[in-house]
Amino acid sequence: MRYSRYLIPTMKEDPSDAVVSSHRLMMRAGLVRKESAGMYVYLPLGHKALRKIINIVREEMDNSGALEFLMPELTNADLWKESGRWNTMGPEMFRIKDRNNLEYALGPTHEEAFTNAVRSTVTSYKELPINAYQINTKFRDEIRPRFGVIRSKEFIMKDAYSFDVDEEGLDKSYQTMRSVYRKIFDRCGLATIPVQADTGNMGGSASEEFMVASEVGEETLLICESCSYRANQEKAVFKREEKSGSITGELEKVHTPDVKTIDDLVKHFSAESSKFLKSILYTADGETVMAVVTGDREINEIKLKNHLGCVELELASDDKIFEATKSPVGFAGPVGIKNIRIVFDLSVKNTFDAITGANEKDYHYKGVNPGRDFEIKEEADLVTAVEGDACPECGKKLSATKGIEVGHIFKLGYKYTKAMNFTFLDKNGRPANPIMGCYGVGVTRTLAAVIEQNHDEKGLMWPKEIAPFDVHIVGICKTEEDEKKIAEIYEEIKKAGFDALYDDRKNSPGIKFADADLIGLPLRITVGKSFFDTGDIEALDRKTKEIKRLQRKELVPYLKEFFGR
RNA sequence: CGGGGUGUGGCGCAGUCCGGUAGCGCAUCUGCCUUGGGAGCAGAGGGCCGGAGGUUCAAAUCCUCUCGCCCCGACCA
């Protein structure tokens, strides 16, 4: 492709609204343009790179035996009502009505649609397993789109759904996808960290996310330095310290005016924060619930939500708190509370002589002991693991890293096939529900993550497999005649099967080099002064900055070697 | 949705406090010149200053309302 005939609107300066490197560089290198918040136009160069990623995903999926579908983006509300998610998906699902007032959702995910499609076509165990996928646009009304295409309202995702006859089959499908995902990200030139994850509102059991370590990542990962434990902070568990102690004091009510937060309490009682029991009231699907954790810990609302099995979980209003504890906010505690459900974190039972709210304005109890002063009827892991906690598997310290989630695989189980009554006839001629798995790759986000991981101060550094072009030819010459000679080399490279971007513009060399650095194709071929003097063509490896001087006949063999083709 | 910021040619910004003919750099177009790291000279085009209303002889500037966008927090590939 001749540069002069292509469209690459590079920018010399950073756009003012881009804060992360990938977003900045995608704008500057002319890959995308912002249309509006969370919506991006892919310009030819960006689209070409995106297509390469899509092709890799498609190839690997097809190789694994998965079947490609193309689903409607407008999904009928009835489908969502059937699974029960019309009410649970929440405001991030775009809902629209047609002229007849029929309701639809703009597909944010396609479990229902695929379950429906497969149920209407599969009737026998002989047709299973099936892994159905598509590469298509997803719509999500994000609370806050940001970081360019990393979090946008509209994005391209590869989503796959496996249907197996039994758990063993699902396990196989899941493991296959696991290795397919590794291959996909490998080929994209991305180093990913697989971590254990929460399943969110998709439902299901085992779940793994593929993370790209990055400063701008929105996820926090906890990684064990000595064993292989890696988990999303949402999900991470940790080994509890064995605490021993004994009950020394009697339960005593203490006057504590205006002492409400854990910080206040630490000062007031001059005791460590772990001595306190933090009691937080929530409204879970309308029911008031108290969660009790030690004062040194943060409640993990995802864990709490999963434990309670509720759909909506929010902090209880002041009214609800007063109703349950007969005191204003800040003085809640488990002692003497009978009317509501109380869930205790696993560490609570190991506290001795703790301090808690007395369910009375301006009063706390000290010398509170579980078992004696309140009963632990229900306990669960309710707190967020943090850096420095003990690994649940080997006991060594966990460290924290930020990451971008580019892929997510999980075992869904029977949630959708049961809710939507999808049955097949098994070997014995009996109806049974298939068991599902679900596997997503954020395709557009992968592009951003690749850039996040492969750039320098001058611009992009494309991994070979997904670079929009293989080589960038910079031609520098004065006469028409010389231009023809450069064009010959361009033709030769094309004929040899390499996709070249030939900068034939009549600009100064400085501009061409700067644009070549910014666009960042893997190899830059300069044909200029040295070529006309001595026949030397210069090949620069964008990543290593290594320069090779080649005679014309050496050029194509070098390209073959460089690209391994 | 809460908190903070910002809207002025394609891009980056100044001008707003203190009202008085809309500016700078880059980019674009024409001509000359130049060609190994964002050249030079001469000329040209392009903006109802986010929108609506108000105050005023006069509004980018002051007032009211509104919309967009960005950042920090609660959702997710």
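Within every chain, numbering begins at 1; the chains are lettered A, B, ... in the order of the sequence lines, protein sequences first and strands thereafter.
Nearest nucleotide to the A/A37 side chain, out of B/U35, B/C69, B/G38: B/C69. With distances taken from any side-chain atom of A/D17 to the nucleotides B/G36, B/C69, B/C71, the minimum falls on B/C69. Of the candidate nucleotides B/A77, B/C75, B/G37, B/A77 has the atom lying nearest to any side-chain atom of A/H408. When distances are taken from the side chain of A/I143 to each of B/A74, B/C26, B/C76, the shortest belongs to B/A74. Side-chain atoms of A/R140 lie closest to B/C76 of the nucleotides B/C76, B/C69, B/A74. Relative to the side chain of A/E405, the nucleotides B/C72, B/G36, B/A77 differ in distance, and B/A77 lies closest.
You'll find a donor-acceptor pair under 3.5 Å spanning the side chain of A/E13 and the base of B/G25, going by distance alone. Within 3.5 Å, no donor on the side chain of A/R144 pairs with an acceptor on the base of B/C71, nor the reverse. The base of B/G37 sits within donor-acceptor range of the side chain of A/D517, with an N or O pair under 3.5 Å. For A/E219 and B/C76, a side-chain-to-base donor-acceptor distance below 3.5 Å is present, hydrogens and geometry of angles not being considered.
Under the Watson-Crick or G-U wobble criterion, with both distances below 3.5 Å, B/G7 is paired with B/C67. Under the Watson-Crick or G-U wobble criterion, with both distances below 3.5 Å, B/C29 is paired with B/G43. Across all strands shown, B/A60 remains unpaired; no Watson-Crick or G-U wobble contact has both distances below 3.5 Å. Base pairing of B/C24: its partner is B/G12, meeting the Watson-Crick or G-U wobble criterion (both donor-acceptor distances under 3.5 Å).
Distances shorter than 4.0 Å separate none of the side-chain N or O atoms of A/S508 from OP1 or OP2 on B/G38. Considering only side-chain N and O atoms, A/R505 lies nowhere under 4.0 angstrom from the phosphate OP1 or OP2 of B/U35. Side-chain N/O atoms of A/T109 include none lying less than 4.0 angstrom from OP1 or OP2 on B/C76. Within the structure, a side-chain polar atom (N or O) of A/K34 is placed less than 4.0 Å from OP1 or OP2 of B/C70. Listed pair A/R151 / B/C70 fails the phosphate criterion, with no side-chain N or O lying under 4.0 Å from OP1 or OP2.
As a whole-Å value, the separation of A/K305 NZ from B/C76 P is 6 Å. Regarding A/Q134, its CD atom lies at a distance of 15 Å from the P atom of B/A77, rounded to whole Å. With rounding to whole Å, A/R146 atom CZ is found 10 Å from B/A74 atom C1'. As a whole-Å value, the separation of A/F210 CZ from B/C76 C1' is 17 Å. Between A/D159 atom CG and B/A77 atom P the separation is 11 Å, expressed in whole Å. Summarising the geometry, the separation between CZ on A/F147 and C1' on B/C71 is reported as 9 Å, rounded to the nearest angstrom.
Geometrically, A/K485 does not engage A/F532 in a cation-pi contact defined by less than 6.0 Å to the ring centre and at most 45° from the axis.
Of the residues near RNA chain B, A/M11 and A/G440, the one whose nearest nucleotide (by heavy atom distance) lies more toward the 5' end is A/M11. Along RNA chain B, the nucleotide nearest to A/K506 and the one nearest to A/G148 differ in position, and the one closer to the 5' end is contacted by A/K506.
The side chain to side chain contact (heavy atoms under 4.5 Å, CB included) test with A/I537 is passed by exactly one of A/I489, A/T526, A/I473, A/I486: A/I489. Results of the side-chain hydrogen bond (donor to acceptor under 3.5 Å, both in side chains) test with A/Y282 over A/K305, A/E301, A/K320, A/E314 single out A/E301 as the only residue that passes.
Looking at heavy-atom distances under 4.0 Å, A/V441 makes no contact with the nucleic acid at all. A/V443 comes within 4.0 angstrom of no nucleic acid atom, judged by non-hydrogen atoms across all strands. Here A/D515 lies in heavy-atom contact (under 4.0 Å) with a base. Looking at heavy-atom distances under 4.0 Å, A/R33 makes no contact with the nucleic acid at all. Within 4.0 Å of A/G407, counting heavy atoms only, lie sugar-phosphate atoms of the nucleic acid but no base atom. When heavy atoms are screened at a 4.0 angstrom cut-off, A/P15 is found touching the sugar-phosphate backbone but no base atom. If you check every strand for non-hydrogen atoms under 4.0 Å, A/G442 touches a base. Residue-level contact check: A/I150 touches the bases, meaning some heavy atom is under 4.0 Å from a base atom. When heavy atoms are screened at a 4.0 angstrom cut-off, A/E301 is found touching no nucleic acid atom at all. When heavy atoms are screened at a 4.0 angstrom cut-off, A/T10 is found touching no nucleic acid atom at all.
Between B/U66 and B/C29, the distance separating the two C1' atoms is 39 Å to the nearest Å. Distance noted for atom P between B/G23 and B/U34: 35 Å (whole Å). Taking atom C1' in both B/C41 and B/C18, the straight-line distance is 40 Å, to the nearest Å. Rounded to a whole angstrom, the distance from the C1' atom of B/G15 to that of B/C62 is 16 Å. Between B/C75 and B/U56, the distance separating the two C1' atoms is 49 Å to the nearest Å. Nucleotides B/A60 and B/C17 place their P atoms 12 Å apart, quoted to the nearest Å. Comparing the same atom, P, in B/G7 and in B/G43 gives a spacing of 33 Å after rounding to whole Å. Only the P atoms considered, B/G20 is 38 Å distant from B/A39, to the nearest whole Å.
A distance of 6.0 Å or more separates the ring centres of A/F69 and A/Y161.
A/R28 places a side-chain N or O within donor-acceptor distance of the main-chain N or O of A/M11, the cut-off being under 3.5 Å.
Aromatic stacking is marked for A/F155 over B/A77, as both cut-offs hold: 5.5 Å for the centres and 30° for the planes.
Under the 4.0 Å criterion applied to side-chain N and carboxylate O atoms, A/K548 and A/D541 are not assigned as salt-bridge partners.
Neither side chain, A/Q196 nor A/N232, offers a donor N or O lying under 3.5 Å from an acceptor on the other.
A/F114 and A/H110 have perpendicular rings, their planes meeting at more than 60° on a 0 to 90° scale where under 30° would count as parallel.
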